Every structure is written in structure tokens, then in C-alpha cells.
Amino acid sequence: MRQGVVYINTNFSSVSGFDAERDSMRTCLLSPLPSLPFVSSQPVPLPFPMAHGTTTLAFVFQGGVLAAADTRSSCSGLVACPASQKILPIHSHLVGTTSGTSADCALWKRILSRELRLYQLRNGRRLSTSGAAKLLSHMLHPFKGTELCVAATLCGWDDHTSLSGPSLFYVCSDGSRLQGTLFSVGSGSPYAYSILDQGVQWGLTVAEATSIAREAVYRATHRDAYSGNCVDVYHVTSQGWTRRTREDLKEEYYREKESRRQTHEAEKKML
Amino acid sequence: MALASVLSGECADFSLDFRQPFGHNCGPGQSGAECDAAPGDSVSFSVKNPMLAGDDDGVERKIEFLHGTTTLAFKFEHGVIVAVDSRATAGSYIASQTVKKVIEINPYLLGTMAGGAADCSFWERLLARQCRIYELRNKERISVAAASKLLANMVYQYKGMGLSMGTMVCGWDKRGPASCTGCCLKMGSLSTCQLIDEVEGAAVGLHHTPLRRQDSAWLYYVDSEGNRVCGDLFAVGSGSMYAYGVMDSGLRQDLTVDEACELGRRAIYQATFRDAYSGGQVNLYHVHSGGWTRISQEDVLMLHQKYRDQA
């Protein structure tokens, strides 16, 4: 028994007879997803105010795409999870950073992974980052005006397309879809932006880029209450994505404090 | 009323009937101006607070960012660096790119301006007047702590009435923390040492050294809510978050004056880069033992070229 159908608009299906096939698309895309009313009724208020508290960032450079994020999930004043995953791999050459409602992000990332895999099986090649971003954006469009909140950046490496190389897109549930070379999303993003704007250029080495990304997340977690705990860094290259070990920023704080204390002591001795 | 006594003239009587005009009655769903009149009650107006109603979706933001500006100040070994932008906006209209957001209270005290321009400049000029009166009465300079307290107390009387001001009072004075060179610690009590100091001489054969007052730079944040906080580093305004990132990352105690100036300049530049409500020029001041010095005024677009060429 069909509960209901979520109509997912796919824009890359076979061009001819698209309209005719729409119904069959609809049936074959039916899935055990909860049914949603087509007419937007009164939005159900959230049980508690969700803070879109996070710091995620991503930028493109000569060595690929670097994505970094903190690991704190918060619900108003409570740290619901100090070790959450905000960067989710979508496939071997695409990762997505998430911001907004964690549940929405996790679900839509999985839906996106599934759709991209289906595309790959049907067409024998991976969809480009641009196409993936467009797909996600169109999938989120029917929910515009509802409480859905997803602000993601898709970081990937494209092969076999006319524009191959690193690629970065920002997709948001309010409908934005932007290509860029540097994005930071979340409540801690202003703090991160100022660090990134200072240091990010095309010619960075991988080590320098990692260091800037870590520093930006660290400064944001230092000032923003809704960001904190650890930092995850993912690096996407032509070989795929690699993940750096998760690092606790508390240690970074103490290391910095210690080194400042030492320089202060050394100075006092000199005087 | 304080304002009346200062202006020593007649002014409108803002009596206590004007109950809670801002803040408490506002929220999503409140229409423009409502008039609640209950029998036997004086009329009260609840007006939609323009500061709170920032978004059209009616969501009441808990964190209110002070208005379009970026001002910052930080302490370091050689004093205090104060850096500000110079843009004034009225909604999305840029009213001016050449506003002076640092107010020179007297030759050794500076005040920065964030929030309502009129509020800031009026109250800081009033503060300048009060500081001068103090100097004349007491034949010595006012301390930064006292000056900032005067300002905080003045605006506290108008709390809830819609003043909008987030300012930093920076200066250098001799009223630093009294530090004893250690004898009172040996005796275990500061007051004993003070007593000996007043008596002017080693009494009962106790070894002592007089309390030494250190010269020091001071930085206070004062706002229209009545907050007054002493600290080492503050940034105020819509661009403050961007400035914090740069300042936190570059600030060290052992900066030279030039490095500190460059840090302040860079922090304001990064804020103007991302924040639409900040821009214009970066005005930089350095507060040291001899008072304050105006270091530079540089256009943000020139800085953009400079940093791009450097990179």
C-alpha cells in the first residue's frame, strides 16, 4: 500500500518524452519516505528552537578541495553531541559539509548519495559536482517554505567532464546554489571567514591549507558558543577523499596558552 | 532628571507613565503600534522595537549585533591600539564613508563609537565635560576606570528607553594595580603593609617598601545596557566577529608597536571585506604613556590593493 509519494524532480533523465515519463519516474522513485502534503499547511512548530550552530568551511586550491568543520551539535544551550560528523562523504570523490538541522542534512545527504549512485549505474560515469549540486537543490525545492533547513557545501573532484578539477558548490534549502572558491557556513562562519580571507590562495601547499583550515575552525570555536570540541579535515583530490584524524581543539588551546606563557617568561627573563 | 540638570533648561517630562516602550512587549505577531488602555490605567504604547525587528520573518533574534560598524581595541605591551572603520549606514543606504568613530575625550582618553551615532557622540561629549570638571575640582587627571564608570552610570539612567551605544573607553593612567614588591606577602596581609606606608617609616623594625602604583593602559567596554567590563581585547559592531578571528590569531603580548598597528588595521580590513555595513577608512590610534597618538587613516580599498599585491 502506497502511503504517498515524494516527487523528486530529476533534471538529467532522458530528454525525450520527459513529461510522459514523469509519472513512471514518480512511481519508481517511491520509497519508504514519510508522505508530505503538497499543499503547505500550517507549519508544525519545532519542539525546541534549533540553533544552526556550527562552523564549516571549504575552499579550493591547487591541491584539490579542503573541507573542515567542528564537531559540536547543539540544541539551544545543550551540547547534544560533542563528536558529531558534519562532513559526510557522498561518494569516493565528493564530500559534503552540513549545517542547519542535523537530521535534515543527514537524510538529504543519503538521498543524494543514492541518486548519484543511480545516475552512475545508468550512465556509466559519475555526475559532476555541479550536477550533484543542482540535483540537491532541485530535490530541496518542494520543501521551500517549510521548516527544512539544510545549508551544505559540496566539495568534489570532477573527471571526464569539460571542466575537470576541484569544484565547490554551496546549496541551501532556501534555494541558493552558488559556485565559489571559498565558503564558510554556520554561526561561527564570520570568525572563520576573516582568517580564511587572509590566507587562502590558489598556490597553497596541502600542509599550509590544512593549517589555515584548522586555525579558522579553531578561532571560530574559540569565540562562538555553538561551535567547539573537535575539528575534522577532509581533503579531496583526483584520487578521492582522505580524512585527517579528528583533533581535539582543547589541546590546541592549551598548547597555544603554554607557548604564550613561555614567550612571556622568556621575555621577563631578558628584561 | 539628569539631562535637564545638565542642559539646565526645560525639557519634556518623560515621566514614569511611559512604561516599557521597547523590548518586553515586542515579538513576532505584534503589529506596529498598539494602544492598550485598561480602565483606570494610564495609556501605554507598545511600539515595535526597530532594533529587535530586524528580520521580516518575525523571528526574534536573541543575540543583537550592534549596528553597522566595526570598532576594535586591544591591549598589548606598549599600550592600547584602537582601530575603527568609518562607514555610517541608514538601512541599506550608505550615509557616509568618512565618519569619525573615535572620540577624543581628552589628550589621554579615547572613546570609540558603535551603535547610534547621535547617542554615542552626545554621551561621550558629556563624558568629556564630566572628566574636565573632575580635573578642575581634584587637580589631577581622572582615571580610566572612573571615566568609564561615569559613562556607564549616565546611560544606565536611560536603560530601556532605546539608547543604543556600544563604546570602548581606552586610556593610560597611573592608577594601575597597586603592587607591593613582596613584603606584605611575607607578612601575609596587604593592609599591614599599607599601614606602614602611611606611617612613613619602618615601624617596629619591620622591613617594608612602599606600595608602588604602576602606570598602565586600560580598556573598558561600556554599553547602553549598563554593561561595563574591563578587558584586554574588545571588538564591537556588526563586523566584530570578523575582527575577532584576526585579532585572536595574531595577538601576542610581545608585539612591537608597528606589528600591533598592522594587526589592528588588518582586522578592520577583514571585517570591512565581509561585512556590508563596515567600510570607508581605517582610523588607527595608539594609546601610550604620553597619551594617544593618531597613527594613520587608510582607505580600505587601498589596503585591499596592498594586501593583494603582498600575497
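Remember, it's a predicted structure, so these values are computed and weren't measured experimentally. So that the names make sense, note that chain A is the first sequence line, chain B the second, and so on, each numbered from 1.
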Side-chain heavy atoms of A:Arg260 within contact of B:Gln253, under 4.5 Å:
no
Looking at side-chain heavy atoms only, is the closest gap between B:Arg274 and A:Ser194 below 4.5 Å?
no
Roughly how far, to the nearest 0.5 Å, is the CD atom of A:Gln198 from the OH atom of B:Tyr269?
9.5 Å
So, the side chain of A:Arg219 versus the backbone of B:Asp248: is there a donor-acceptor pair under 3.5 Å, distance only?
yes
Smallest heavy-atom separation, B:Met241 atom then A:Pro190 atom, equals CB-CB, 3.5 Å
About how many Å separate CZ of B:Arg252 and CD of A:Glu256, when rounded to the nearest 0.5 Å?
11.0 Å
Can you see which heavy atom on A:Ile195 is nearest to which on B:Ser249, and at what distance?
CD1-CB, 3.7 Å
If you count the non-hydrogen atoms of other residues, nucleotides and ligands that lie under 6.0 Å from OH in B:Tyr277, is the total more than 12?
no
Could you grab the distance from atom OH of A:Tyr191 to atom OH of B:Tyr242, nearest 0.5 Å is fine?
10.0 Å
Heavy-atom neighbours of A:Lys250 NZ exceed 12 at 6.0 Å
no
